[in-house]
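Heavy atoms only: backbone and side chains are in, while hydrogens, waters and symmetry mates are out. A, B, ... follow the sequence lines: proteins, then strands. Residue 1 opens every chain.
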Amino acid sequence: MTIKVRLFARARDLAGADCVEVCVDAPATVGDVRKALLDHCPKLAPLGPHLFAAVNSSYADDLDVIPVGSEVAFFPPVSGG
Amino acid sequence: MTIKVRLFARARDLAGADCVEVCVDAPATVGDVRKALLDHCPKLAPLGPHLFAAVNSSYADDLDVIPVGSEVAFFPPVSGG
Amino acid sequence: MVRLTHDEIDYHAVTEAVRSHAAGAVVLFLGTVRELTAGRQTVSLNYDGYGVMATRTMQQLEVEACRRWPVVAVAIVHRLGHLALGDISIAVAVSCPHRKQAFEAGQFLIDELKRTVPIWKQEHWADGSTEWVHPGTGEVVAPATVEASR
Amino acid sequence: MVRLTHDEIDYHAVTEAVRSHAAGAVVLFLGTVRELTAGRQTVSLNYDGYGVMATRTMQQLEVEACRRWPVVAVAIVHRLGHLALGDISIAVAVSCPHRKQAFEAGQFLIDELKRTVPIWKQEHWADGSTEWVHPGTGEVVAPATVEASR
């Protein structure tokens with residue numbers, strides 16, 4: 001299945017896009033999408049292990065399965081405030 | 001010598017005055033003035049041991065000697081803020 | 001900057017007084033007149049102060065805070081006189097480079113102010129009685145109005 | 001009440017939103033754009049946020065603060081976009097019956113917000129470079145402008 005991945009901050013800058021599409025076998029975990037994302041955007045490699053994942057606006061682990069129709073995002077450590 | 005003693009809050013209410021004059025032998029300590037004050041205003045007795053003293057706008061102990069011309073004040077525990 | 005006032009406290013001005021390009025954190029504390037204390041209902045408060053000593057003591061607290069933390073600026077305004085429910089009795093603002101410092105300095109200033117600055121609060125309870133608040137004197141209820149009428 | 005905005009933060013409104021007769025203490029925290037960080041000079045900042053998740057995460061923090069302390073009200077506004085020196089990036093206001101609770105709840109909210117809410121700061125340094133701040137990534141200097149020109 002195709003999953004749209006939203007990117008933020010330096011991850012977006014490195015990828016050159018705020019959203020990329022990756023293909024993974026269903027059912028896919030967050031880890032599957034992370035691997036597909038890094039294959040698709042090799043420039044994200046320096047941030048790879050530091051990227052947090054969110055599924056439907058909640059932090060998610062690499063083992064979490066992504067429900068169909070979810071919004072998926074990857075982003076580097078936060079620095080708001 | 002005669003010393004003017006400023007009173008505040010419930011001490012002022014009990015004494016019925018915001019300032020009283022007491023007579024003490026010079027050189028007088030804060031303790032001397034406290035004793036003279038309580039003799040002069042028996043109604044202050046319930047607050048007596050709880051009254052703080054200040055000489056020239058600084059907290060003072062009963063053993064402190066009061067310089068001539070000082071401003072002396074007695075008041076109950078504070079509750080500002 | 002420390003100040004006593006009988007007017008409403010403009011906490012926006014108090015806060016602006018400490019803002020700076022050198023500070024990344026501003027903490028403002030407001031004390032406001034609360035309606036309920038241990039189940040009793042307040043209708044208003046009266047604050048009395050020993051003006052010259054209160055100002056001097058607040059200035060000493062400002063100096064001490066600046067000695068303990070990398071404070072950029074401090075502003076403290078305490079109101080005296082009659083206050084209605086919800087009114088602001090005190091505003092303490094402090095700015096520091098970082099937030100932990102600002103929280104610590106702000107809490108120090110209000111804690112020490114309540115412990116040492118010669119200002120007194122008189123409760124006006126809903127039952128019509130009044131009572132000076134003098135912690136530790138053991139006079140849990142000390143209705144000055146009753147006293148005065150004896 | 002939590003909110004993201006691209007406009008200047010009206011911290012007076014944020015503070016008024018938490019004032020109450022039930023509260024004796026209000027703590028307001030402001031994060032402001034500081035000029036110097038470890039000796040480097042900032043000329044401006046840019047904040048990016050994952051809006052829907054940031055709002056949701058801030059709402060969860062409000063709920064958690066209300067669970068841990070007797071909070072009367074919480075108001076949080078975070079600014080996004082371009083900020084000049086001295087501008088307010090965040091305002092957190094909390095009211096409680098007593099001051100210790102308000103300080104603790106306020107510090108919890110800003111500490112957790114900085115740890116978990118998906119918002120990112122980009123430094124615009126005086127030397128013309130820009131740098132996303134991503135703690136722990138080991139990219140001490142990550143000039144996106146240089147990257148983009150390769």
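- Of all the heavy atoms in A:F8 and D:G49, the pair that sits closest is CE2-O, 3.8 Å.
- D:V52 touches chain A through backbone and side chain together, each having a heavy atom under 4.5 Å away.
- Annotation: D:K114, atom NZ; neighbour count of heavy atoms from other residues, nucleotides and ligands within 6.0 Å is above 12.
- Residue A:D25 qualifies as open at atom CG: its count of foreign heavy atoms under 6.0 Å is 12 or below.
- Between D:R56 and A:N56, the shortest heavy-atom distance links the atoms NH1-O, 3.5 Å.
- Per-residue heavy-atom pair counts under 4.5 Å with chain A were compared for D:A54, D:A91, D:P118, and the maximum is reached by D:P118.
- For D:T137 and A:R10, the side-chain atoms include no donor-acceptor pair closer than 3.5 Å.
- Note: D:Y50 and A:F75 have perpendicular aromatic rings, judged against thresholds of 30 and 60 degrees for the angle between ring planes.
- Across every non-hydrogen atom of A:A54 and D:M53, the tightest pair is CB-SD, 3.4 Å.
- Of the two parts of D:R79, neither the backbone nor the side chain holds a non-hydrogen atom closer than 4.5 Å to a non-hydrogen atom of chain A.
- Using a 4.5 Å heavy-atom cutoff, the side chains of D:W120 and A:P76 are in contact.
- To the nearest 0.5 Å, atom OG of residue A:S79 and atom CD of residue D:E123 are 9.0 Å apart.
- Proximity to chain D (any heavy atom under 4.5 Å) is shown, for A:Y59, by both the backbone and the side chain.
- In this structure, CG on A:D13 lies 6.5 Å from CD on D:Q122, to the nearest 0.5 angstrom.
- In terms of non-hydrogen atom pairs under 4.5 Å with chain A, the most contact-rich of D:N46, D:I119, D:L80, D:I90 is D:I119.
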Checklist entry - Stepwise, does the side chain to side chain contact (heavy atoms under 4.5 Å, CB included) test hold for A:R12 with D:D48? => result CA-CA 11 Å; A:R12 183 187 53 212; D:D48 185 20; 3.0 Å; yes
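- Of the possible polar contacts, none joining the D:H78 side chain to the A:G80 backbone as a donor-acceptor pair under 3.5 Å is found.
- Ranked by heavy-atom pairs under 4.5 Å with chain A, the first of D:I76, D:L113, D:V117 is D:V117.
- Between chain D and the residues A:S58, A:P49, A:G16, the largest count of heavy-atom pairs under 4.5 Å involves A:S58.
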